[in-house]
A.B. asks: 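Dropping the structure in here first, questions after.
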Amino acid sequence: MSSAYDRLDPRVRKWVYKQGWPDLRPLQKSAIPAILARDRDVLISAGTAAGKTEAFFLPACSAVADITSGFGIVYISPLKALINDQYRRLESLGEALDMPVTPWHGDILQSKKKKARTSPSGILLITPESLESLLINSSGWLKQAFSPVAYIVIDEFHAFIGTERGMQLLSLLNRIDHVLSRHANPIPRVALSATLGELDKVPELLRPDKLLPCETVTDDSSKATLQVQVKGYMESVSEEGEEPQNSAEKHVCADIFRLCRGDSHLVFANSRRRTESIAATLSDMCEEHIVPNEFFPHHGSLARELRETLEARLQKGNLPTTAICTMTLELGIDIGKVQSVIQVTPPHSVSSLRQRMGRSGRRDSPSVLRMLITEDELTATSSIVDQLRLQMVQSMAMIRLMISQRWFEPADTCQMHYSTLLHQILAITAQWGGVRADQLWSQLCQTGPFRNVELTDFKSLLKHMGACGLLTQLASGEMVIGAEGEKLTNHYTFYAVFNTPEEFRIVTGSRTLGTVPIDSPLLPEQHIIFGGRRWKVTEIEVEKKVIYVEATKGGQPPKFSGGGMSVHDVVRQEMLAIYRENDYRIAVGNQRVDYADAAARNLFAEGRDNFQRFNLQNTHFIASGQHCYVLPWMGDKVVNTMTALLLRSGFKANSYAGVIEVGDSIVASVQQALKEILLSGLPSEFELAADVPDKYLDKYDEYLPESLLAKGYGAKAFDVEGTRTWLQENLQ
DNA sequence: GACCTGCTGCGGCTTG
């Protein structure tokens with residue numbers, strides 16, 4: 001009987017044999033016929049270390065082995081580091097087939113790119129931004145070099161869904177099919193992804209025009225075991241005028257030191273500031289105990305050199321290493337085997353928690369997750385948020401959703417992405433030299449990814465782009481790049497669609513340690529923590545945007561800027577369920593599994609007692625001090641919407657952690673105002689956004705007409721329908 | 001209290 005394996009190229013089979021693999025994994029076997037068919041898209045969705053990369057490349061390389069001129073496979077990755085990893089992994093397979101592998105991104109030497117330009121062949125590994133630059137500057141070459149391409153494969157596809165880069169990526173894929181005149185027989189797209197919540201929705205996200213069918217290949221054998229613990233910590237609150245104690249963080253660090261030393265672990269600390277502070281404390285502890293330091297920070301503002309040293313140390317695995325990190329170590333960069341994952345403070349989302357947990361454990365050992373959660377000691381002036389122990393209960397809700405409901409946040413695919421649409425209008429115009437408005441509309445909105453956009457809005461966008469000098473219309477009716485547009489498209493920063501704040505570089509001697517945002521003022525003589533070490537600022541060169549530092553003792557990490565992240569409706573509803581059931585444990589059969597330590601249990605009991613004392617099982621509105629508090633137990637979009645409605649009605653309202661504080665008001669008047677709003681009809685997201693003074697969030701928002709700016713902002717920040725439903729159900 | 005990602009072409013310099 002001929003198996004799927006026998007359909008692989010003999011040289012590929014020989015390569016598999018040489019790896020010493022006893023057999024291909026089930027996922028890899030089932031991908032073979034799907035990939036070899038070449039008449040469909042394929043979604044390969046599986047957990048970490050399931051062998052997704054090989055599941056695609058073994059059959060794909062077999063299919064394109066005979067192509068001698070031009071690329072056979074184009075691989076797209078969101079990270080340069082991932083391209084470097086895959087290059088290392090694919091080199092020997094490429095050699096076995098006499099097929100070159102070409103990494104192509106901003107750090108690759110010009111000489112290497114020139115070589116690939118003269119004789120393109122084999123596998124191209126590239127970022128969306130580098131693809132953008134090739135389409136704009138070298139579409140003629142691309143037409144030749146890409147003509148034999150049999151597959152376009154996208155790694156970490158889940159990281160693109162619903163994002164700006166995801167919209168750009170889909171548009172790039174469309175533009176490639178267009179350049180190659182392949183609308184009739186499009187290039188098959190293959191998505192490699194972590195396990196996804198709504199698998200049936202992915203094909204449409206991979207190819208909005210549905211011109212090819214999509215086959216899904218998944219790995220259902222993943223019955224990974226999991227060990228979870230939540231540990232509580234109490235922060236003693238200092239009297240007025242006293243120095244803050246940070247006693248809880250010291251206890252957290254002492255536990256990390258005890259749990260992690262001697263092995264390899266990941267500690268996710270949520271912010272760069274906390275990452276730095278914990279890393280420095282742990283290094284100090286190593287010094288105090290006279291043992292070598294094995295704790296290092298890893299985050300996006302750290303110089304690449306420092307990050308790569310740590311990644312290589314983790315990957316090698318010969319020295320015990322614990323990385324204190326942000327989401328930089330969440331995606332698939334190869335870091336070898338990790339004993340356990342520690343999460344300090346609640347994660348931002350269940351989906352990110354899942355991704356982080358997947359970083360520990362392998363087939364033979366369970367995933368181990370510990371959550372270390374700090375709450376402030378209660379005093380006479382403690383806020384409702386502290387009294388309810390919302391941090392602790394949110395952590396518990398996220399664990400329950402992840403484990404017993406197997407739920408996590410779906411990607412938000414309802415955004416308008418006007419900033420990215422504007423970028424793609426400029427990019428296509430730059431690529432073609434001149435283009436008609438109807439061609440843009442057809443390629444971007446009708447057959448392309450911007451399907452939420454209405455024709456009237458598209459027209460007003462083009463008009464406004466003309467008024468801003470981004471586009472100019474010729475007498476023939478064709479659009480070309482205008483004077484202001486030239487400035488944008490001729491600069492190398494054009495290729496990325498996302499925003500980056502201005503930054504200072506931190507330098508010691510001749511070495512760059514990393515960057516800090518320009519709005520975080522540092523002063524000469526100030527002591528700071530950076531890269532897990534302590535420094536003194538010696539000099540600041542404002543024009544060159546450089547801060548010089550030298551080694552010292554003491555100091556605090558700098559402040560980094562960043563936008564908020566929103567909590568989903570389902571998470572807040574699960575928190576309410578935990579309070580109401582008076583039980584945070586996980587049901588397994590007839591048993592209830594407790595995952596909290598004594599301190600966490602005590603904090604939960606405190607929160608629940610206060611929940612009952614406020615009568616929150618029966619009401620969403622409470623009075624405390626001078627204020628009225630509204631607790632809708634809904635996600636941040638609904639909370640933002642209700643806060644905005646109350647502000648419009650003249651109340652002093654603000655929200656934190658899902659709790660709305662209405663200043664100097666009584667419950668009855670807040671309820672009455674909301675009833676009136678419900679009766680007279682709620683304003684739209686658009687109208688609410690019009691009240692917000694600063695709506696610039698995305699890279700090209702400043703070039704949008706006011707109406708689109710408000711529409712895009714409204715879709716991002718508010719949920720009027722969800723709020724209306726909540727008000728109908730909860731106002732008697 | 002708060003995350004991450006990416007980037008061209010060329011002039012001018014040093015070094016073998």
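These numbers come from the heavy atoms of this one structure, side chains and all, not from hydrogens, waters or symmetry mates. Throughout, protein chains are lettered first and strands after them, A, B, ... in sequence-line order, and every chain is numbered starting at 1.
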A.B. asks: Quick one about A:Tyr629 and A:Glu661 (side-chain donor to acceptor, distance below 3.5 Å, no hydrogens or angles considered), yes or no?
C.D. replies: yes

A.B. asks: Tell me the interatomic distance from A:Phe268, atom CZ, to B:dA2, atom P, rounded to whole angstroms.
C.D. replies: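 Checked: the CZ to P distance equals 16 Å.
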
A.B. asks: When you compare the side chains of A:His298 and A:Glu311, does any donor N or O come within less than 3.5 Å of an acceptor on the partner?
C.D. replies: yes

A.B. asks: For the pair A:Phe157 and A:Phe160, name the ring-plane relationship: parallel under 30°, tilted 30 to 60°, perpendicular over 60°.
C.D. replies: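 Correct class here is tilted.
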
A.B. asks: Taking only the side-chain heavy atoms of A:Thr328 (C-beta and beyond), determine which of B:dG1, B:dA2, B:dC4 contains the nearest atom.
C.D. replies: B:dC4

A.B. asks: Check each residue of residues 298-306 of chain A for a non-hydrogen atom within less than 4.0 Å of any atom in DNA chain B, then write out the ones that pass by number, or none.
C.D. replies: A:His299, A:Gly300

A.B. asks: Just verifying a value: how many Å separate A:Ile83 CD1 and A:Ile76 CD1, rounded to the nearest 0.5 Å?
C.D. replies: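 That separation rounds to 9.5 Å.
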
A.B. asks: Heavy atoms under 4.0 Å is the rule here; annotate nucleotides 6-13 of chain B 5' to 3' with B where the base is hit, S where only the sugar-phosphate is, and - elsewhere.
C.D. replies: BBB-----

A.B. asks: What is the distance, rounded to the nearest whole Å, between atom CD of A:Glu375 and atom P of B:dG1?
C.D. replies: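 It works out to 11 Å between those atoms.
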
A.B. asks: Less than 6.0 angstrom separating the ring centers of A:His251 and A:Tyr233, yes or no?
C.D. replies: no

A.B. asks: Please name the pair of heavy atoms, one in A:Gly712 and one in A:Gln415, separated by the smallest distance, quoted to 0.1 Å.
C.D. replies: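 For A:Gly712 versus A:Gln415, the nearest heavy atoms are O-OE1, 4.4 Å.
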
A.B. asks: Going by side-chain contact (heavy atoms from CB on, under 4.5 Å), name the residues that satisfy it together with A:Ala599, two or more places apart in sequence or in a different chain.
C.D. replies: A:Asp597

A.B. asks: Tell me the interatomic distance from A:Glu276, atom CD, to B:dC3, atom C1', rounded to whole angstroms.
C.D. replies: 15 Å

A.B. asks: Please give me the minimum heavy-atom distance between A:Asp694 and A:Tyr713, naming the atom from each residue.
C.D. replies: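 Here A:Asp694 and A:Tyr713 meet closest at O-CE1, 4.3 Å.
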
A.B. asks: Whole angstrom is fine here: how far is it from CZ in A:Arg274 over to C1' in B:dG1?
C.D. replies: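 After rounding, the reported distance stands at 8 Å.
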
A.B. asks: Kindly say if A:Arg273 contacts the phosphate of B:dG1, meaning a side-chain N or O under 4.0 Å from OP1 or OP2.
C.D. replies: no

A.B. asks: Output the rounded distance in Å from CD (A:Glu156) to P (B:dC3).
C.D. replies: 21 Å

